[in-house]
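Down below is the structure, laid out as structure tokens.
The analysis underlying the following values was restricted to heavy atoms, covering all of them including side chains, and did not include hydrogens, waters or symmetry mates.
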Amino acid sequence: MKDIVNGAIFASDNDEMVVVKDIEMYSVCEHHLLPFFGKAHVGYIPNGKIIGLSKIARIVDMYARRLQVQENLTKTNCYDIQEVTGALGVGVLIEANICV
């Protein structure tokens, strides 16, 4: 995770939600062994620190490249963004389709 964030955390007095929408993602479902693809939307409420917006897309991409179930993809993105930013709250929404 430190390689991806690469020190792109900045002090900020912003207390409004930061949202990054329409992050393209491609992954493979570990249950069905089929690819799924879609878009991720990530939002968080800063608590004195913000992260570069491109880093959020990179975090989503890092986890999407792993074999997993869709629910874990959402959870791992949420937990890591929370850990890195110390945000008051994080929301991750993934809209995806499985290829059959």
Side-chain angles (χ1 to χ4, degrees):
M1 178 60 64
K2 290 182 181 182
D3 292 341
I4 289 187
V5 175
N6 199 22
I9 298 175
F10 309 99
S12 174
D13 62 352
N14 181 22
D15 60 353
E16 297 177 4
M17 184 177 286
V18 175
V19 178
V20 180
K21 298 180 355 179
D22 298 329
I23 303 167
E24 289 188 18
M25 43 127 307
Y26 304 89
S27 192
V28 177
C29 177
E30 72 179 60
H31 178 71
H32 297 103
L33 294 177
L34 291 171
F36 64 93
F37 63 95
K39 296 185 182 217
H41 314 288
V42 177
Y44 71 95
I45 301 172
N47 187 20
K49 294 190 293 186
I50 56 173
I51 186 172
L53 299 179
S54 67
K55 303 303 182 188
I56 292 175
R58 288 184 186 170
I59 291 169
V60 169
D61 186 54
M62 175 186 76
Y63 283 115
R65 292 181 182 267
R66 299 178 179 178
L67 189 65
Q68 66 205 313
V69 292
Q70 295 89 324
E71 294 80 5
N72 287 345
L73 176 60
T74 305
K75 183 174 73 173
T76 53
N77 277 290
C78 188
Y79 287 159
D80 274 4
I81 291 169
Q82 165 66 40
E83 184 179 322
V84 167
T85 63
L88 297 174
V90 179
V92 177
L93 171 69
I94 294 180
E95 300 176 275
N97 295 311
I98 198 159
C99 300
V100 288

Which side-chain N or O atoms in residues 26-36 pair as donor and acceptor under 3.5 Å with protein atoms at least two apart or in another chain?
unit_1: Tyr26; atom_1: OH; unit_2: Glu24; atom_2: OE1; d: 3.1
unit_1: Ser27; atom_1: OG; unit_2: Ala64; atom_2: O; d: 2.6
unit_1: Ser27; atom_1: OG; unit_2: Arg66; atom_2: O; d: 3.1
unit_1: Ser27; atom_1: OG; unit_2: Gln68; atom_2: NE2; d: 3.1

Please set out all donor-acceptor pairs under 3.5 angstrom arising from side-chain atoms of residues 42-54, sequence neighbours excluded.
unit_1: Tyr44; atom_1: OH; unit_2: Ile51; atom_2: N; d: 3.1

Return a table of donor-acceptor pairs under 3.5 angstrom between the side chains of residues 85-96 and protein atoms on other chains or two or more places apart.
unit_1: Thr85; atom_1: OG1; unit_2: Ile81; atom_2: O; d: 2.7
unit_1: Thr85; atom_1: OG1; unit_2: Ala87; atom_2: N; d: 3.2
unit_1: Glu95; atom_1: OE1; unit_2: His41; atom_2: NE2; d: 2.6

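Every residue was checked against the salt bridge (charged side-chain N to carboxylate O under 4.0 Å, His left out) condition with Arg58, not counting sequence neighbours, and none meets it. Among residues two or more places apart in sequence or in another chain, the side chain to side chain donor-acceptor pair (under 3.5 Å) test is passed with Asp61 by Arg65.
Residues Thr74 and Glu71 fail the side-chain proximity criterion, which asks for heavy atoms closer than 4.5 Å.
In the hydrophobic clustering of ILVMFWY residues, with side-chain heavy atoms under 4.5 Å counting as a link, Val60 and Phe37 come out apart. Grouping the Ile, Leu, Val, Met, Phe, Trp and Tyr side chains by contacts below 4.5 angstrom, directly or via other members, places Tyr79 apart from Val84. Note on Val19 and Phe10: separate hydrophobic clusters, where clusters join Ile, Leu, Val, Met, Phe, Trp and Tyr whose side-chain heavy atoms are under 4.5 Å apart, directly or indirectly.
To the nearest 0.5 Å, atoms CD (Gln70) and CG (Asn72) are separated by 9.5 Å.
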